[in-house]
Amino acid sequence: MTTQTIATSDRIEKAQPGWVKLLDMSDRALAVLLLTPAAVLLALIIVYPVLRLGYTSFFSLSLTSGLPAEFVGFENYQLMFTDPVFWETTWNTVLITLITVPGALIVGMALALLANLPFGVQWPVRLSLLIPWALPLSFAGLIFAWFFHSEYGVVNDVLARFGIQGVIWFNSPNLAFAAICLTIIWKTSSFMALIILAGLQTIPRSLYEAADVDGAGRIRQFLEITLPLLKPAIVVALIFRTITALQTFDIPYMMTGGGPGTSTSTLAMYIHQNTVSFLDLGYGSALAVVMFALSMCVTAVYLRIIRTKE
Amino acid sequence: MNIKPIVGALLSATVLGFSAPAFADTELKVYISSQHQPQVWRKVLDQFEAANPGTKVAIETGGNTSEAQAQYLNTIMSAKDSSLDVLILDVIRPAQFAAAGWTSPFTGKDMSVYLPAYAEANTVDGKVVALPAFADSMFLYYRKDLLEKHGVQPPKTWDELKAAVKKINGAENNPDLQGLSFQGKAIEGAVCTFLLPYWSQGKNLVDNGKLTFDKDAAVKSLKLWKSFVDEGVSKKNIAEVATDDTRKEFQAGNVVFAVNWSYAWAQSQSKDSAVAGKVGVTRLPAVTGGESATCLGGWEWGVSAYSKNQDAAKKLVEYLSSKDASKYMAANGSLLPTYASLYQDADVLKAAPWFADAKQVVETAKPRPVTPRYNEVSEVIRTTVNAVLAGVTTPEDGAAQIEARLRRILR
């Protein structure tokens, strides 16, 4: 009895409040405990659907056939490689990514540098940066579809005022593609700008002052101070932007519906068409697995870049 | 005095008082796409509610094109969602809905009361999948005033139409006046665009579920439409034009001839229409040496297989597809009736005099291919028509693509 009391009071003397005792269960156990809710949530809403997607991609499962699902191995994947629309939409997706990601980076960087200037009133600048980002993608697509309309659109109207003959934007694959890319750059560069602006504000002013003393010019300061210190912010922005670019759906869907023909259709639109319109869940899943793999590859490349820089 | 029993009795009386009607009330939800004049259907639903106390019907609108509507219903139905009881379905969908088991069949229903085309469209493998809401087919709308002014007869062939446009446009000299408006956007209407001249050459696309594609007829069809664009009969951006754009442009007085469904009539005669009283409707032109052909349209009422109110929903659908409802919608919404006798009905003809000649057109209208994979068939044809009209694909390549892709789907 006595020994026990002594032992207890001994522990109290170490003066640990109750919650700190949790730390006693070892760092590892605590980490597991705290991460469990998030892990369960992720498992339910990401891991399970992705696994299920991979599983379904090995089945012939079409709700229009009236037949039960049948295991077909890699047949859906074989079909994909001989499907010209798959290749066309994948190529379009890659092209959109290659054009709009650097495009949004350059425009976003310029916007961020502009917004970082010492304006007297900050909020109008911040607001105009936020609006394109806050606008739902499909709204942006619809608005720009009207902008580029050959008869009622503001773009052709402005061109006409400068004496330039307007064009039928959505009648030509190249012009339709250009209109879509311009819209995506407008829509996404504000996201880039917001992240880069946050990065800019972490750079201490003293560095620039020191550079001034040393006689470094503006361009030199940008290349030697701003860019290197912004690198982490830029890489994060690029990862997010590239992945969403690979999943481009809303803007071309609203602007051209993939037309003329299928010339501006993206892989995400083709997946949507196969699953939602054609109800071919097997083939749609196989396409989605390919898109998932594509996103993972790009992320892996970026992560490698970050690691080597560190 | 013990008041507990009294309070208890009062409480249970109150609960019963509120809950009894709530149990008797059946709430039905009807899906009507926004292009189908839900405000006019509402009046029919009001009549049903008045005749069936205890049943309330709410409308859910959505999807102003057949494709948008199909996508929405595909999502709802593949999730086995029970929130919709009654669905409006395009005439091309019953086969797909039957294959997926999404609608409840009507057993023992006598379909001979309807026009034969609709009895057939709603019967899949001997089962009545849905009941007809209204009939439809494509017609040629024309500006009666302009044709009379220039002494032109309504054209019987597409070549005559071209000549008529050149004569009228040459004399009017109005750059805003288009000769012919039709559907070139990659929408369901573009499938009919392709099929009209194709059928007019006496060719069929599908026979007994087998593809009977005639490549020469397909090339000729695509070339005809492209020639309208190239010769300035139709405007250059025809690949952007959807069904309701045709309706709006015609109604604004900017079009001489238009290919459209019957619904465009009511609005062309409305107060804010620039062409009220100046519109003629006739059957579509044929290719030279061919027969006039048109696309069978119309929409159907189905009962969701996942509805929890099967009996009430079926009762409502019976009412919506009744002769009374068909007459009301013909007179008030210019929707073609599904009952043969209504084409001679005085009230109907007062609202739309041209319905007198429309029955024959509907009766000879051809159905689009009946297959559960219709959505894929449709996508192949409409994107190709769109690409040809935009000048991205030649008519020859377009026809070859349609053939190759349809062979994969209808194998």
Side-chain angles (χ1 to χ4, degrees), chain A residues 56 61-68 79 82-86 88-89 138 142 145-146 148-153 156 165-177 179 252-265 269-270 272-281 283-284, chain B residues 65 67-68 70-78 93 95-102 124-125 176 184-187 190 229 235-242 245 249 254 371-380 382-393 397-398 401 404-405 408-409:
Chain A
T56 311
L61 173 57
S62 165
L63 298 184
T64 59
S65 67
L67 301 171
L79 196 65
T82 59
D83 179 355
V85 186
F86 163 73
E88 188 182 12
T89 52
S138 54
L142 206 55
W146 281 108
F148 285 105
H149 193 282
S150 61
E151 286 175 302
Y152 317 118
N156 277 359
Q165 171 77 40
V167 290
I168 305 176
W169 290 87
F170 302 135
N171 233 20
S172 133
N174 290 337
L175 289 175
F177 205 83
Y253 185 80
M254 297 308 284
M255 286 178 77
T256 63
T262 48
S263 57
T264 57
S265 200
M269 289 166 75
Y270 195 48
H272 170 264
Q273 186 176 60
N274 273 287
T275 46
V276 177
S277 293
F278 301 166
L279 297 166
D280 191 342
L281 304 184
Y283 191 52
Chain B
T65 64
E67 306 82 68
Q71 283 180 10
Y72 178 68
L73 287 183
N74 280 354
T75 315
I76 295 271
M77 301 309 283
S78 49
R93 313 259 176 242
Q96 180 209 324
F97 273 64
W102 286 347
V124 180
D125 295 333
D176 288 337
K185 197 172 175 166
I187 54 156
V229 185
K235 57 181 187 176
K236 292 266 178 274
N237 71 338
I238 198 78
E240 288 183 314
V241 173
D245 299 324
E249 288 170 356
N254 295 332
T371 157
R373 297 181 70 180
Y374 179 75
N375 284 342
E376 289 161 80
V377 173
S378 164
E379 196 270 339
V380 167
R382 63 188 139 104
T383 50
T384 310
V385 170
N386 177 258
V388 169
L389 290 172
V392 180
T393 308
D397 288 349
Q401 282 166 21
R405 294 184 60 197
R408 274 172 75 151
I409 298 165

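Atom set for the values below is all heavy atoms of this structure, side chains included, hydrogens, waters and symmetry mates excluded. Proteins come first, then strands; the chains are lettered A, B, ... in the order of their sequence lines, and each starts at number 1. Quantities reported herein were computed from a predicted structural model and do not represent experimental measurements.
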Check your understanding: Could you state the interatomic distance from OG (B:Ser378) to CZ (B:Arg373), rounded to the nearest 0.5 Å?
Key -> 13.5 Å
Review point. Hey, what do you get for CG (B:Asp176) to CD (A:Glu151), rounding to the nearest 0.5 Å?
Key: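 If I round to the nearest 0.5 Å, the distance is 9.0 Å.
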Sort [X] into side chain, backbone, both or neither according to what part of it lies under 4.5 angstrom from a heavy atom of chain A.
X: B:Lys185; value: neither
X: B:Thr384; value: neither
X: B:Glu376; value: both
X: B:Ala100; value: both
X: B:Glu379; value: side chain
X: B:Arg382; value: neither

Check your understanding: Do B:Asn375 and B:Asn74 touch side chain to side chain, with heavy atoms closer than 4.5 Å?
Key -> yes
Check your understanding: For the residue pair A:His272 and A:Tyr253, does the interplanar ring angle fall in the parallel (under 30°), tilted (30 to 60°) or perpendicular (over 60°) class?
Key ->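 The arrangement is perpendicular - the two ring planes meet at more than 60°.
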Exercise for review: Return yes if a side-chain donor-acceptor contact under 3.5 Å exists between A:Thr256 and A:Thr264, otherwise no.
Suggested key: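 Note: A:Thr256 and A:Thr264 side chains meet the donor-acceptor criterion.
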Revision key, fill the gap. Okay, A:Leu63 and chain B: the region with an atom under 4.5 Å from a heavy atom over there is both
Check your understanding: Got a sec, which residues hit salt bridge (charged side-chain N to carboxylate O under 4.0 Å, His left out) with B:Glu240, two or more places apart in sequence or on another chain?
Key ->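 With neighbours one apart ignored, the set is empty.
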Practice item. Could you tell me which of B:Gln96, B:Arg408, B:Glu67, B:Gln71 has the largest number of non-hydrogen atom pairs under 4.5 Å with chain A? Key: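 With the most close heavy-atom pairs to chain A, the winner is B:Gln71.
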